[in-house]
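Notes for the one structure printed next.
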Amino acid sequence: MRKYFRVWLQLSKCAIGSYLSNRLDAVTYLIGKLVRFAFFFLFLWTIFNYTDRLASYGRYEALFFFLTFNLIDVFAQAFLRGSYMLKIDIRTGWFDHAIAKPVNTLFWSLARLTDILDILFLLPIIGLLVYVGMKLPIMITLANIVLYLLLLATGLVIVVALHIITIALTVLVFESENFIWLYRESMTIGRLPPEIYSVGIRFVFTYLMPIIIIIAYPVKALLGRLTAIGFLTALIFMLVFFFGALAFWRISLKHYSSASS
Amino acid sequence: MKKYWAIFKISWQRQLTYRLNLLMGRLRNIIVLLLLYYVWLSLTLTSGKFSSYSQIELFTYVFGANLLRSVIFGSQSRQTASEINDGTFSIYLLRPLNHFGAVFARELAERSLYLFFAVIETLVLAFLLGVKFAAPAPATLSPIILCVLLSLCLYFVLSYLVSMLAFWTREADGPRFLFEWLLEFSSGAYFPLDILRGLIFTALSCLPFFYLIYFPLSIYLGKIAHGRIWLGLGIETAWLALSLWLIYVVWRRGLKKFTGEGI
């Protein structure tokens, strides 16, 4: 574990060096991310100038969904950015080097690039989460907060599993750059409370692509709206997705043909 | 003209070669469309309206924006930056064709293909969801078509202009990312801009992006008075002319900076 932390730290130092040497890119990317965040925030804020409820949720409750979506989404982009590079690695033959390295190939493929800008971006998101959390119109107990954090961790494990599935697909089916973007676009379903969607859409994004479990369940737990069955469902999904993704990754590696080397 | 037609046909074939990617890309589009549809459905469920828009108008806006995004927002002009940085741009300088024209032919090929898929997606989803659309006034049809054509050209020219930043720096991706998100929101691709009201709406209306999605859809929905339609089209044409002039200036200066690095 210590060895992997040291490898990750070294890779992150390299990433910082890269960002510092590409200052224009780094600054404009960060501003771009802030602009995207600010516009959606503004849109959601504006909606509540016309109405006081969005599918039974008030302004701050809806904002809490949006901020939790951002927290999970940005966290994954910060620490799992390597998965976006795998296609290039395979095309250029670099993936063969990754397999030959004395570190776990899966770890390398997921974490070889740390997005420092997203780590910076996490700070205002966490600050806003605390601020909006204090504005929520209900009494938040310690148990609610613990459940929220537990389900957040569960959601993050599922997100890691989804990233493993996308990189396994990249190894198996080279023409797959849109898989990761399909996941990213699916995540946007979690920007808003799931009650706005139809039953069919909710079924798909709970049980087939578990975005609602990842984002909405922690928020519902904090708001005291999640049942014990919901909590158990999240745990079961975490285990099934994580171990299923690992098995799928192993299968994909066995089929890797090293065609570009 | 024949060589640009050949580029158009080759680009079609290239797009259709990676069919799985194309399908995944369209699936992403459908997810965004569904998200926006359900947001507006939820907000208009009880009163049947939101701000100055009826439910039918909002659905028309969301589905119309999906179609216009497919026609207007291209990706080919983005490649210009990487072509300049990796040296492949030099190939265009040696060939008897205009780089701007070649990229525009590629862009038109991509747009026509994406429009085809967007029309099918829109019709199928509208049928499945039981969505009804507002009809435009017959007199507004020609301004709408003209506006969409101008928007297609304006987006391409602005995007090409931003890519030309690569003549001066290898770091053109960040500015492009910022440009694209500013453009996505300021164009009204996600929601009608006038729900923002006040100063923000006034500020956005001063930008060229305002005319890309929001303006043609507002003409379609009859939200803009007849006299102001032609004024708006005039302003959009002026933005296009200004951007084309800037491309001319930047191109001449950029070529002097171009070192052919990466050949």
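Below, each value reflects all heavy atoms present in this structure, side chains not excepted, and no hydrogens, waters or symmetry copies. Order of the sequence lines fixes the chain letters, A, B, ..., with proteins taken first and strands second; residue numbering starts at 1 for each chain.
- Contact of the A:Leu182 side chain with the B:Ile31 side chain is registered, since non-hydrogen atoms from C-beta on lie closer than 4.5 Å.
- Heavy atoms closer than 4.5 Å to chain A are found nowhere in B:Leu129, neither backbone nor side chain.
- Across all their heavy atoms, A:Ala55 and B:Ser42 have their closest contact at N-OG, 3.9 Å.
- Taking the six-membered ring for Trp and thresholds of 30 and 60 degrees, B:Phe185 and A:Phe40 have ring planes more than 60 degrees apart, a perpendicular arrangement.
- Contact annotation: the side chain of B:Val39 approaches that of A:Ile47 to within less than 4.5 Å [non-hydrogen atoms, C-beta and beyond].
- The part of B:Thr169 that comes within reach of chain A is its side chain, from C-beta onward, which places non-hydrogen atoms under 4.5 angstrom from that chain.
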Test log, rule side-chain contact (heavy atoms from CB on, under 4.5 Å), inputs A:Lys33 and B:Phe177: CA-CA 9 Å; A:Lys33 284 166 196 276; B:Phe177 179 77; 3.9 Å; yes
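- For the atom pair OG1 (A:Thr28) and CZ (B:Arg176), the distance works out to 12.0 Å, reported to the nearest 0.5 Å.
- Minimum heavy-atom separation, A:Asp25 to B:Ala172: OD1-N, 4.0 Å.
- Ranked by non-hydrogen atom pairs under 4.5 Å with chain A, the options B:Leu43, B:Leu23, B:Leu34 are led by B:Leu43.
- With a 4.5 Å cut-off on non-hydrogen atoms, A:Leu24 touches chain B through its backbone and its side chain both.
- Neither the backbone nor the side chain of A:Ser56 has a heavy atom closer than 4.5 Å to any heavy atom of chain B.
- Ranked by heavy-atom pairs shorter than 4.5 Å toward chain B, the options A:Phe39, A:Trp45, A:Tyr197, A:Tyr50 are led by A:Tyr50.
- Side-chain contact between A:Tyr29 and B:Asp173 is present, with heavy atoms from C-beta onward closer than 4.5 Å.
- A distance of 6.0 Å or more separates the ring centres of B:Tyr190 and A:Phe43.
- In the displayed structure, B:Trp251 atom CH2 is contacted under 6.0 Å by more than 12 heavy atoms of other residues, nucleotides or ligands.
- The greatest number of non-hydrogen atom pairs below 4.5 Å with chain B, out of A:Val27, A:Leu42, A:Leu34, A:Thr51, is found for A:Leu42.
- To the nearest 0.5 Å, atoms CD1 (A:Ile189) and OH (B:Tyr38) are separated by 9.5 Å.
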